[in-house]
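Working notes, structure below.
Worth saying up front: this structure is predicted, and the values here are computed from it rather than measured. Below, read A as the first sequence line, B as the second, and so on, with proteins coming before strands; counting in each chain starts at 1.
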Number of protein chains: 2
Amino acid sequence: MGFTSICINEKKNEFLLQQGQVCNSLFYIDKGFCKSFFEIDGAIKNTAFYFENEIATNIKSFESGQRSDSNLIACEPLTVIIFDKDKLFQIAKESIEIETLGRNCIRSFAAKQEEFSNLYKLYSPQERFEYLEKNYPSIIQRVSLTQLSSFLGISRETLSRIRKRRFHK
Amino acid sequence: MGFTSICINEKKNEFLLQQGQVCNSLFYIDKGFCKSFFEIDGAIKNTAFYFENEIATNIKSFESGQRSDSNLIACEPLTVIIFDKDKLFQIAKESIEIETLGRNCIRSFAAKQEEFSNLYKLYSPQERFEYLEKNYPSIIQRVSLTQLSSFLGISRETLSRIRKRRFHK
DNA sequence: GTGATTTTGTGACAATTGATACAGTTAATA
DNA sequence: TATTAACTGTATCAATTGTCACAAAATCAC
């Protein structure tokens with residue numbers, strides 16, 4: 001029987017997944033953080049940040065076997081545990097615990113996507129920023145404003161203005 | 001052994017799930033369509049539309065057992081097949097096919113959430129509208145502009161302007 | 001420590017969007 | 001059919017945001 005998971009150390013700016021590849025892994029973040037991003041017309045658009053004890057992946061590629069349209073890259077020196085899809089499914093058949101674990105990972109990943117997706121429909125840019133401050137402070141604390149702005153769906157300058165408005169209240 | 005699923009007909013504007021309830025079901029849409037929405041300061045904010053052959057649920061509540069913060073309501077006369085969570089898990093243990101089916105449902109639900117979540121980070125309101133036109137025309141065709149606008153994260157008037165701009169090109 | 005790079009703040013101006021209001025149209029219902 | 005409700009378009013004006021540009025501050029690499 002092969003290894004279920006592999007522990008790997010990555011330097012900053014090393015890729016876990018590149019656009020065009022098929023994502024066959026779930027990446028469990030042990031230390032550091034990473035992000036997924038798109039490059040559109042030369043501009044970097046960050047779509048997610050993943051921190052310690054979270055699962056990073058491109059669920060669409062992982063689920064369908066299609067090529068990934070986004071990248072996963074280390075934002076800091078990173079320690080990740082890589083769960084290979086095939087091996088995960090294989091071992092899941094033999095162990096109900098692994099099966100449950102894997103299913104919970106996907107479910108919580110889905111729940112988080114749903115939560116973040118709703119932010120853009122329900123709240124203004126400023127309210128989205130405040131939501132992160134309250135519920136996901138690690139994003140605010142560890143991600144630079146330049147990188148955070150595209151995640152919030154706004155320009156860097158607007159994010160700067162939002163912070164300014166808040167401090168003057 | 002109890003029933004795995006129940007087939008139900010709902011009239012328009014009947015609830016499948018109400019805010020404050022725990023979502024213990026996956027709703028497979030057989031005919032018609034439904035939407036999930038929030039009510040914030042008296043305003044209705046639509047966050048998803050589900051059509052034939054899709055799974056509707058509040059994945060966060062379903063996953064965690066917490067109370068749902070959103071509602072699911074029929075937009076047309078609706079035929080749904082309701083999969084109860086506990087029964088689904090029970091039968092999944094006995095049948096690998098059901099287990100695989102359930103897992104695929106969750107995965108494809110997650111993939112779609114990820115896809116829609118990215119729209120707000122990558123594209124302008126107009127580009128989001130065009131994305132729906134191209135990839136999810138049924139949303140454009142079957143949902144009124146008034147209802148669609150909050151899903152796109154913009155006001156009804158802005159959506160009206162977008163359509164006007166496009167027709168004049 | 002020093003120079004280079006990245007990040008952040010800010011001003012000016014154009015473009016977009018939201019809010020409000022009202023009118024015409026379409027759809028739903030009794 | 002008649003009546004009501006919901007939907008759509010649009011005008012006006014205020015507020016927000018994006019873009020461009022530049023300077024200060026912080027961080028990184030050697």
Side-chain angles (χ1 to χ4, degrees), chain A residues 10-14 32-33 35 37 39-46 49 73-78 119-133 139-169, chain B residues 10-14 32-35 37 39-46 49 73-78 119-130 132-133 139-169:
Chain A
E10 302 273 4
K11 294 176 190 166
K12 183 175 175 179
N13 290 331
E14 282 187 330
F33 75 100
K35 70 173 186 179
F37 72 94
E39 193 173 343
I40 296 185
D41 298 332
I44 302 294
K45 305 273 190 173
N46 302 309
F49 297 94
I73 197 172
C75 297
E76 286 181 355
L78 196 66
L119 294 185
Y120 303 88
K121 299 159 188 160
L122 302 178
Y123 303 130
S124 69
Q126 175 157 349
E127 289 169 330
R128 293 202 287 272
F129 179 76
E130 290 166 0
Y131 187 93
L132 289 190
E133 272 187 319
I139 295 186
I140 307 285
Q141 290 158 7
R142 297 172 73 180
V143 177
S144 75
L145 298 193
T146 302
Q147 305 214 52
L148 186 61
S149 60
S150 61
F151 177 77
L152 285 168
I154 57 179
S155 70
R156 184 183 62 80
E157 292 85 348
T158 296
L159 181 52
S160 189
R161 290 180 190 125
I162 286 173
R163 295 177 83 225
K164 188 183 176 185
R165 271 186 299 216
R166 288 176 48 69
F167 284 127
H168 291 324
K169 277 181 185 168
Chain B
E10 303 274 2
K11 293 177 192 166
K12 183 176 177 178
N13 290 330
E14 283 187 328
F33 75 100
C34 64
K35 70 172 187 179
F37 72 95
E39 193 174 344
I40 296 186
D41 299 331
I44 302 294
K45 306 271 190 176
N46 303 310
F49 296 94
I73 197 171
C75 297
E76 287 181 355
L78 195 66
L119 294 185
Y120 303 87
K121 300 159 188 160
L122 302 179
Y123 303 131
S124 69
Q126 174 158 349
E127 288 169 331
R128 292 202 288 273
F129 179 76
E130 290 166 0
L132 289 190
E133 272 188 318
I139 296 186
I140 306 285
Q141 290 159 6
R142 297 173 72 179
V143 177
S144 74
L145 298 192
T146 302
Q147 304 214 53
L148 186 61
S149 60
S150 61
F151 177 77
L152 285 169
I154 56 179
S155 69
R156 184 182 62 80
E157 292 84 353
T158 296
L159 181 52
S160 189
R161 289 179 189 127
I162 286 173
R163 294 178 82 225
K164 187 182 176 186
R165 272 186 299 218
R166 289 176 47 70
F167 284 127
H168 290 326
K169 280 181 184 172

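If you take CD1 of A/Ile154 and C1' of D/dG18, they are 11 Å apart, rounded to a whole angstrom. At whole-Å resolution of the value, CD1 in A/Ile140 and C1' in C/dT7 are 16 Å apart. Rounded to whole angstrom, the span from the CZ atom of B/Arg163 across to the P atom of D/dT8 amounts to 7 Å. Distance NZ (B/Lys164) to P (C/dT16): 13 Å, rounded to an integer number of Å. Taking atom CD of A/Glu157 as the reference point, atom P of C/dA14 lies 17 Å away to the nearest angstrom. Rounded to a whole Å, the CG atom of A/Asn13 is 10 Å from the P atom of C/dT6. Taking atom CZ on A/Phe129 and atom P on D/dT17, their separation rounds to 13 Å, with Å as the unit. Going from atom CD1 of A/Ile162 over to atom P of C/dG9 covers 12 Å, rounded to whole Å.
Sorted by first and then second residue, the salt bridge (charged side-chain N to carboxylate O under 4.0 Å, His left out) pairs involving residues 139-157 of chain A (not counting sequence neighbours) are A/Glu52-A/Arg142, A/Glu76-A/Arg142.
Taking only side-chain nitrogens and oxygens, A/Thr158 never comes nearer than 4.0 Å to OP1 or OP2 of D/dT17. Within the structure, every side-chain polar atom (N or O) of B/Arg161 is placed at least 4.0 Å from both OP1 and OP2 of D/dG9.
Between the B/Gln147 side chain and the B/Ser144 main chain, no donor and acceptor come within less than 3.5 Å of each other.
Here the straight-line distance linking atom NZ of A/Lys121 with atom CG of B/Leu152 works out to 9.5 Å at 0.5 Å rounding. For the atom pair CZ (B/Phe37) and CZ (B/Phe49), the distance works out to 11.0 Å, reported to the nearest 0.5 Å.
Looking at residues 142-152 of chain B, you'll see that no heavy atom sits under 4.0 Å from any atom of DNA chain C.
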**Reading 5' to 3' through nucleotides 22-30 of chain C, protein heavy-atom contacts under 4.0 Å coded B for base, S for sugar-phosphate only, - for none** = ---------
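With A/Ser150 as the fixed residue, the side-chain contact (heavy atoms from CB on, under 4.5 Å) test singles out one of A/Asn46, A/Ile40, A/Ile44: A/Asn46.
Closest heavy-atom contact between B/Leu148 and B/Val143: N-CG1, 3.8 Å.
At a cut-off of 3.5 angstrom, the base of C/dT17 holds no donor-acceptor pair with the side chain of B/Arg165.
For B/Glu133, the salt bridge (Lys or Arg N to Asp or Glu O under 4.0 Å) criterion is met by B/Arg166, not counting sequence neighbours. For B/Phe33, the ring-ring contact (aromatic ring centres under 6.0 Å, His included) criterion is met by B/Phe51, not counting sequence neighbours. Looking at residues two or more places apart in sequence or on another chain, you find no side chain to side chain donor-acceptor pair (under 3.5 Å) involving B/Glu39.
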